[in-house]
Every structure is written in structure tokens, then in C-alpha cells.
Number of protein chains: 2
Amino acid sequence: MSVDEGPSAAQRRAPTLEAVAELAGVSRATVSRVVNDSERVSPEAREAVTAAITALGYVPNRAARSLVTRRTDTIALIAHERPDTVFADPFFASVLRGANQALSLTQLQLVLLQVQGDQQRDRALRYVGNGHVDGVLLLSLHGDDTLATSVSKAGVPLVMAGRLLTGEVVDSVDADNVGGAGLAVRHLVATGRRRLATIAGPLDMSVGVDRLRGYTEAVLEAGLPDAATRIAAGDFTEAGGRAAAARLLAEHPTLDALFAASDLMALGALRALRAAGRRVPEEVAVIGFDDAAPAAYTDPPLTTIRQPVERLGQEMVRLLLRRIGDGPGEPVAVVLPTELVVRSSA
Amino acid sequence: MSVDEGPSAAQRRAPTLEAVAELAGVSRATVSRVVNDSERVSPEAREAVTAAITALGYVPNRAARSLVTRRTDTIALIAHERPDTVFADPFFASVLRGANQALSLTQLQLVLLQVQGDQQRDRALRYVGNGHVDGVLLLSLHGDDTLATSVSKAGVPLVMAGRLLTGEVVDSVDADNVGGAGLAVRHLVATGRRRLATIAGPLDMSVGVDRLRGYTEAVLEAGLPDAATRIAAGDFTEAGGRAAAARLLAEHPTLDALFAASDLMALGALRALRAAGRRVPEEVAVIGFDDAAPAAYTDPPLTTIRQPVERLGQEMVRLLLRRIGDGPGEPVAVVLPTELVVRSSA
DNA sequence: CTGAAAGCGCTAACAT
DNA sequence: ATGTTAGCGCTTTCAG
């Protein structure tokens with residue numbers, strides 16, 4: 001048995017302002033005022049209108065409104081990813097969740113713009129640049145910054161995650177990656193480790209750069225200059241982490257702790273260590289950053305530096321809303337705290 | 001240094017049809033015809049218009065168009081989740097990716113409607129019911145079907161993932177869960193296992209029901225009626241899987257194979273087995289369904305039944321587009337094949 | 001094949 | 001405090 005469809009929504013025309021006005025015995029303008037709860041409207045009028053609205057099930061027509069106000073009540077989330085990349089990135093999903101949450105307090109809608117090739121890039125840019133959205137959230141997973149500046153140049157409010165490596169400053173929200181990496185190092189040192197090494201992320205992304213910098217600064221501060229030289233590059237993937245760990249292990253057989261700049265790389269490191277017959281954490285402690293991939297899935301659970309990914313999404317929206325409301329101004333860079341989450345005895 | 005913002009997009013008005021018409025020396029109507037590449041337009045006119053369009057960088061104003069056509073060129077993805085649920089579900093992200101991919105071939109935009117409480121539910125329903133979108137993709141993670149029927153009743157084209165348990169039929173795309181579970185059982189039996197048990201998913205979701213049914217039918221067919229009684233309920237989470245496995249193990253200490261109806265539950269089972277000192281897969285083989293959670297993260301990698309999650313998203317969009325284009329008709333239920341992916345010697 | 005004209009439903013001056 | 005009016009940019013009859 002199929003669900004009864006009735007007349008399609010496109011056919012059965014929704015009630016208009018006009019209808020509400022008539023039923024309430026006022027003018028369209030008054031109804032509009034009530035709907036946008038602006039200006040002074042007499043209590044009686046307001047009540048009559050409200051009643052009519054509920055009676056009719058009136059919902060404002062977004063298109064009509066948008067046509068005159070030039071606002072769209074819509075913001076775009078642009079995820080710029082290379083063809084090879086996983087859109088199913090848990091980081092992305094968590095940010096999305098946070099953003100949606102913050103947005104659910106407003107009347108705004110979120111549209112998703114996935115950018116892969118140059119063609120999609122241009123399409124997204126045109127879409128955004130032509131007033132189809134009130135603002136843009138940019139998740140530039142690859143530190144590719146031309147999108148950010150393009151959007152910004154188009155005069156559309158923009159908030160990005162992370163920061164640009166070019167030195168240009170746009171509104172952004174980021175986790176305290178430098179501080180977090182320091183946290184990891186100090187934890188390892190405090191638990192007696194001395195021969196540290198790190199698996200760094202891609203250095204064309206601010207997050208990769210910052211986590212490496214945090215590591216380096218902290219090991220130097222701890223009086224472990226050698227550790228600052230034990231660096232292997234990873235690419236934020238499990239395979240990359242595994243390979244990097246294997247290399248480090250080969251070059252520095254005596255290392256007793258590994259800081260991986262991402263959760264997936266930490267997982268890879270764990271595997272490499274196991275494959276090499278090293279015991280974790282007895283022989284080699286592993287600590288990773290937590291980018292929302294299931295770090296807790298590892299066995300044993302790895303100690304991690306947690307960044308508040310969901311909150312990051314929330315803050316991005318909050319900042320964007322502020323910018324949309326207040327207009328342009330000095331760019332703001334919000335930095336969210338990171339946190340050490342001890343999960344094993346490492 | 002901050003990015004130069006210039007006049008905001010809202011201020012600097014985008015070129016209109018009118019402008020294009022003037023530059024091309026034709027009427028607005030002709031430009032409109034060219035833009036919608038419809039009707040007969042003389043080659044010369046078409047060319048002049050095209051040139052003017054590129055010269056001006058014209059992009060149609062969606063709001064204006066939508067106002068008259070009553071189409072929105074927008075479809076909504078509704079994810080209905082209970083408060084406790086993970087939006088960061090890898091399944092969701094993969095479906096999203098697939099949907100976006102299919103959509104990128106069109107001019108449609110995707111808006112995301114996250115539904116958590118009743119309030120958000122109603123809001124989404126009003127939004128959808130009032131012609132703000134041309135169609136709806138429903139990811140009812142919890143088998144809650146009232147949303148589906150509500151949307152359908154509102155006359156808005158709808159495609160859901162999975163199927164309704166009420167027996168109502170709406171357009172849907174689903175993986176072959178029954179067949180997949182059968183695949184798992186036959187694989188286990190073929191590799192010499194005889195004392196099977198299953199960790200079932202929630203039975204208020206079609207996916208839970210179907211995977212259990214597939215298991216049951218297959219073990220009966222294999223002449224293992226006892227296996228049909230060894231069922232523990234899980235909730236698709238790692239913790240649930242772990243607890244269920246522990247229970248099964250306690251009741252049936254001699255079991256030699258476990259079919260988990262989700263990847264996370266398979267992971268939980270793996271942990272429970274390890275905690276109980278059982279070796280995997282030597283003593284107990286574990287096989288799980290692959291819902292896009294990182295099943296490959298387990299160590300050893302688990303053999304899984306893969307469902308094509310990304311394609312599911314694509315097919316949902318395709319079906320929806322067809323429905324939007326062709327209008328109502330007999331509901332279609334697309335079933336996607338599942339596949340055995342052998343990863344260990346289990 | 002093309003143009004003129006009439007709105008789509010709403011908001012925002014401007015009156016009153 | 002409320003009503004009147006003039007569009008927003010586009011599509012779509014209807015004439016020609």
C-alpha cells in the first residue's frame with residue numbers, strides 16, 4: 001500500500017501574506033511587521049494576525065522575501081577536497097554537526113557545497129559570489145587558500161577553520177594545535193620518556209605546521225634537542241602514519257615515545273610498532289592528536305590530545321553570524337583549547 | 001594584513017536579465033529563453049545573448065526565478081536522529097558524499113536539515129511542506145517512519161534509505177541486507193564454522209530486522225537450527241556489540257563464529273573476545289556488516305559484508321530526480337547488492 | 001522567432 | 001499604529 005500523496009505541494013498553493021491579512025482584517029504590511037516582529041504593532045492587531053497565521057498554517061515564502069531583502073538566510077559550508085580525499089572524514093562530520101547545532105537556534109539554512117575539481121570550485125565561487133548565500137564556512141582540508149581569498153574578495157562574509165599559511169588574516173576558528181602538541185610532549189616527558197619522535201602532518205596545512213611547531217618548541221624546552229630532529233612526515237592517513245613510524249623506528253631503534261599529529265597516524269604508528277614487535281606502551285608510548293576519527297577504537301586505547309571539533313563548528317557559525325550582523329571589521333581568530341585525554345598508562 | 005573586502009556582494013548588485021538584454025539588444029524574454037535553453041531562439045540572438053552573459057558574468061537570481069516557477073532547485077537531506085545519536089556517523093557522511101556527487105551533475109543544491117527534537121521535526125516539516133524544496137532525501141537512522149509519511153502526505157517527493165516497517169511503501173534505496181547476512185553465514189560455514197551466533201541490530205529499524213532475517217534463514221538452510229537461537233541484541237554501537245558478545249560467550253562458550261550486524265558491533269565483539277582470552281579468528285571467527293565505519297581499523301582486519309554506502313546516496317538522488325521530473329507514480333524500491341570482503345583468514 | 005506585459009509573494013519607504 | 005504603493009528579477013502567456 002502506497003502512501004496517499006494528495007495534491008503535490010507545488011500545486012496546492014501555500015497561503016500568502018495576503019490571505020493572512022484578509023483573515024486578520026489588516027493590511028499586508030501589518031502582517032509583515034508581525035511576522036518580522038519588528039516595529040510597533042498594536043497588541044490587538046498582533047493577536048489577530050498571529051491567530052490568522054496559525055489558522056492558515058502560514059509560512060513566509062523565502063524566495064519572495066529574499067528577492068526584496070537581498071538576504072538569503074542561507075549560509076554555505078564549502079568543503080574543499082582533493083579528488084583523493086575522504087569526504088567521509090570524521091572531522092568534517094563533527095564540524096558539520098556542531099555547525100548545524102548552532103544554526104538550529106536561528107532561521108538560517110545550511111547548504112553544502114562540495115568542491116573537488118576546478119570546475120566545481122568555480123561553480124561554487126559563482127554561486128557564493130552572486131549573493132546566493134549570506135556567508136560562507138570554509139573547511140579547507142588542504143590548506144589551499146585561494147578559495148578563502150576569492151570568497152573574501154567577493155565581499156561575502158567568511159569564516160574558515162584553521163588559518164591561512166600566506167599570512168593573510170581572515171575570520172577563523174582553530175584549535176590550539178601548538179599548545180596541544182606541547183601538552184603531548186610534556187605528558188610523555190612526565191611519564192619518563194626521553195627519546196621522543198614525531199610523525200608530522202602535511203606542512204602545507206596550518207594544522208600540520210602548528211602541531212610540529214608545538215612539538216619542537218616543547219622538546220627543546222624539555223632539554224631534548226635530539227627529539228627535535230626526529231621527524232617523519234605523514235599525510236594524516238593511517239598508511240602514512242604507519243610508514244612514518246616504521247622509518248623512525250628504523251633510524252632510531254631506541255625511541256621510547258611517539259607523538260603523532262593526527263589520530264589516524266597514531267593508529268598507523270600503533271600498527272607499525274606491533275608489526276615491529278614493540279610493545280605499546282611498555283616499550284614505546286604513543287600519543288596522538290584527536291581529530292574525531294575513532295581514536296578510542298585502538299586497542300589499547302591511545303592517550304590523545306583532544307581538540308573540540310564539534311565546538312569548532314559551533315564557533316565558526318557564531319563568528320559568521322556576528323560578521324553577517326555587524327558587517328566587516330578587523331578579522332577575528334578564535335582559538336579553542338585542546339585537552340589531554342589519558343586513556344592508557346602510556 | 002587583512003584581505004581587501006571591497007563592496008560586499010549584497011551591495012554591488014549583480015547584473016540582471018535586463019542588463020543582459022540591453023547589452024545583447026534583445027528583450028528580457030529572449031534572454032530568459034536562452035538561459036533556460038528552451039524554445040526556438042534564432043542563432044544570432046542566442047549568440048548575442050551568450051556573449052552578453054559572459055561579458056557581464058550574469059548568473060540568474062534564484063529567488064526571482066523560484067518565485068515565479070515555484071521550483072526551488074533545492075533538495076533537502078533530512079537526518080532524523082535521537083538526541084543521543086552520533087551525527088558523525090560514518091554511514092551518514094558516506095551517503096552524503098554520494099548524494100553530493102550525484103547532485104554535482106545538476107544545478108540542484110543540497111540543504112541539510114538535522115532533526116533532533118520534536119520541535120526541529122516540526123520545523124523541518126513546515127519548511128519542507130511549504131514548497132521550500134523540490135524533494136527530500138530521508139535518512140531515518142532510527143526507523144522512525146512518521147517523518148516519511150508526513151513528508152509524503154505533504155506531497156513532496158521523497159526517497160528514503162532503508163524501508164518502512166509499517167508496510168507502507170515509499171520510494172527507497174536500500175542495501176541487500178538479507179542477502180548480505182546470508183553471505184556472511186555461508187562464508188563462515190564454508191570456512192568450517194558450525195556454532196554460529198549473531199549480534200543483531202535494533203529491530204525497530206529495517207536494517208536490523210533484515211540482517212537478522214538473513215542470518216536466520218541462512219543458518220536454517222545450512223542445517224544449523226541451533227544457531228538461529230543464538231541471538232543477542234545490540235544497538236549498532238561498539239559498547240552494545242561488546243556487551244552482546246560477552247553475553248553470547250557466557251551462554252554459549254563453545255561458539256566458533258560471530259556475525260555482527262554492524263561494523264561497530266563487530267569491533268565490540270572483537271574486544272569482548274580478546275578480553276575473554278579468545279583468539280580471533282583462530283578460536284572464534286568474527287564477521288561484520290560494513291556500514292562505512294572504519295572496519296579496516298580493527299587488528300586483525302575483519303572480514304566484512306560491504307554495503308555500497310556511497311552509491312546508496314547516489315541512487316537516492318537519482319531516484320529523487322526521476323520522481324521530481326516524472327511526478328508521482330508507483331513507489332520504487334531500489335536494492336543495492338552487498339558483497340563479501342575477505343580480510344583475514346577467518 | 002521575438003517583444004510586451006502581467007504578475008510570483010514579499011518588504012520598505014512613504015503617507016496618513 | 002497602520003495602510004498604500006512601488007518594486008525585487010524573473011518567467012510566461014499572449015500578440016505579433
Side-chain angles (χ1 to χ4, degrees), chain A residues 9-50 52-53 56-74 107 126-127 130-132 134, chain B residues 9-50 52-53 56-74 107 126-127 130-132 134:
Chain A
Q11 290 156 17
R12 174 192 47 219
R13 267 140 104 117
T16 69
L17 248 199
E18 178 101 51
V20 176
E22 190 170 351
L23 180 56
V26 298
S27 75
R28 304 203 313 261
T30 300
V31 178
S32 178
R33 289 185 187 107
V34 172
V35 169
N36 300 293
D37 55 25
S38 65
E39 325 253 334
R40 291 143 300 234
V41 182
S42 72
E44 308 85 63
R46 162 159 287 125
E47 195 165 343
V49 170
T50 316
I53 286 178
L56 261 37
Y58 169 76
V59 175
N61 180 317
R62 258 184 137 83
R65 171 181 285 173
S66 175
L67 188 54
V68 31
T69 59
R70 301 177 172 291
R71 280 181 298 96
T72 58
D73 292 331
T74 297
Q107 285 299 337
R126 271 204 316 278
Y127 185 77
N130 269 282
H132 287 312
D134 297 340
Chain B
Q11 291 156 18
R12 175 191 46 219
R13 268 141 104 116
T16 70
L17 246 201
E18 179 100 51
V20 176
E22 191 168 351
L23 181 56
V26 298
S27 75
R28 305 206 310 264
T30 300
V31 178
S32 178
R33 290 185 185 108
V34 173
V35 169
N36 300 294
D37 56 25
S38 66
E39 323 254 333
R40 290 144 301 233
V41 182
S42 72
E44 306 86 62
R46 163 159 286 126
E47 195 165 342
V49 169
T50 317
I53 286 179
L56 262 37
Y58 169 76
V59 176
N61 181 315
R62 260 182 135 83
R65 172 180 285 174
S66 176
L67 187 54
V68 31
T69 61
R70 299 174 175 292
R71 280 180 299 97
T72 59
D73 292 331
T74 297
Q107 286 299 337
R126 271 204 316 276
Y127 185 76
N130 268 282
H132 288 311
D134 297 340

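A note on names: the letters A, B, ... follow the listed sequences, proteins ahead of strands, and every chain is numbered from 1.
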A.B. asks: Between atom CD in Glu22(A) and atom C1' in dG3(D), what is the gap in whole Å?
C.D. replies: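 Distance check: Glu22(A) CD to dG3(D) C1' gives 15 Å.
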
A.B. asks: So Ala63(A), base contact, sugar-phosphate only, or nothing? Heavy-atom distance under 4.0 Å.
C.D. replies: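 Answer is nothing: Ala63(A) stays at 4.0 Å or more from every strand.
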
A.B. asks: The test is side chain to side chain contact (heavy atoms under 4.5 Å, CB included); show your working for Val26(B) and Arg33(B) and say whether it passes.
C.D. replies: CA-CA 11 Å; Val26(B) 298; Arg33(B) 290 185 185 108; over 6 Å; no

A.B. asks: Whole angstroms only, please: what is the OH-P distance between Tyr58(A) and dG9(C)?
C.D. replies: 10 Å

A.B. asks: At under 4.0 Å, does any side-chain N or O of Ser27(A) touch on OP1 or OP2 of dT2(D)?
C.D. replies: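 For dT2(D), neither OP1 nor OP2 has a side-chain N or O of Ser27(A) closer than 4.0 Å.
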
A.B. asks: Do His132(B) and Val59(A) come within less than 4.5 Å of each other through their side chains, counting heavy atoms only?
C.D. replies: yes

A.B. asks: Closest-nucleotide mapping onto DNA chain C: is Glu18(A) or Ala45(B) further toward the 5' terminus? I mean the 5' end.
C.D. replies: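 Final value for this comparison: Ala45(B).
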
A.B. asks: If we only count heavy atoms from C-beta on, is the Asn61(A) to Thr16(A) side-chain gap below 4.5 Å?
C.D. replies: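 The answer is no, as the side chains (C-beta and beyond) never meet within the 4.5 Å cut-off.
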
A.B. asks: Calculate the interatomic distance between Leu17(B) atom CG and dT11(D) atom P; express it in whole Å.
C.D. replies: 6 Å

A.B. asks: Does any part of the side chain of Val49(B), heavy atoms only, come nearer than 4.5 Å to the side chain of Val20(B), both counted from C-beta?
C.D. replies: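 Yes, their side chains come closer than 4.5 Å.
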
A.B. asks: Scan Val35(A) against the nucleic acid and name what it touches under 4.0 Å (heavy atoms): base, sugar-phosphate only, or nothing.
C.D. replies: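 Counting heavy atoms under 4.0 Å across all strands, no contact is made by Val35(A).
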
A.B. asks: Would you tell me if any nitrogen or oxygen in the side chain of Thr30(A) comes within less than 4.0 Å of OP1 or OP2 on dA1(D)?
C.D. replies: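 No.
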
A.B. asks: How many whole angstroms separate atom CZ of Arg71(B) from atom C1' of dG9(C)?
C.D. replies: 17 Å

A.B. asks: In whole Å, what is the span from the CG atom of Asn36(B) to the P atom of dG9(D)?
C.D. replies: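 Between P of dG9(D) and CG of Asn36(B): 17 Å.
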
A.B. asks: Rounded to the nearest 0.5 Å, what separates atom CD in Glu18(B) from atom OG in Ser27(B)?
C.D. replies: 10.0 Å

A.B. asks: Quick one: is Ser42(A) getting a side-chain N or O under 4.0 Å of the dT2(D) phosphate, OP1 or OP2?
C.D. replies: yes

A.B. asks: Side-chain N or O of Thr69(B) less than 4.0 angstrom from OP1 or OP2 on dT11(D)?
C.D. replies: no

A.B. asks: What distance separates Ile53(B) CD1 from Leu17(B) CG, expressed to the nearest 0.5 Å?
C.D. replies: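 Atom-to-atom, Ile53(B):CD1 and Leu17(B):CG are 8.0 Å apart.
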
A.B. asks: So Thr74(A) and Arg62(B), do their side chains get closer than 4.5 Å, heavy atoms only?
C.D. replies: no

A.B. asks: Within this structure, what is the CZ-to-C1' distance between Arg33(B) and dT13(D), rounded to whole angstrom?
C.D. replies: 10 Å

A.B. asks: Take the C1' atoms of the five end pairs on each side of the helix from dC1(C)-dG16(D) to dT16(C)-dA1(D), get both axes, and report the angle to 10 degrees.
C.D. replies: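 Inter-axis angle at the ends, rounded: 30°.
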
A.B. asks: Determine whether Arg46(A) and Val41(A) make a side-chain contact, defined as any pair of heavy atoms from C-beta on separated by less than 4.5 Å.
C.D. replies: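 Contact flag for Arg46(A)/Val41(A) side chains = yes.
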
A.B. asks: Tabulate protein N/O versus nucleotide N/O from nucleotides 5-8 of chain C, keeping only pairs under 3.5 Å, one per line.
C.D. replies:
unit_1 : atom_1 : unit_2   : atom_2 : d
dA6(C) : N6     : Arg28(B) : NH2    : 3.3
dC8(C) : O3'    : Arg70(B) : NH2    : 2.6

A.B. asks: Kindly say whether Arg28(B) contributes a backbone atom to a donor-acceptor pair with the side chain of Ser32(B) at under 3.5 angstrom?
C.D. replies: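 It does not hold such a pair.
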
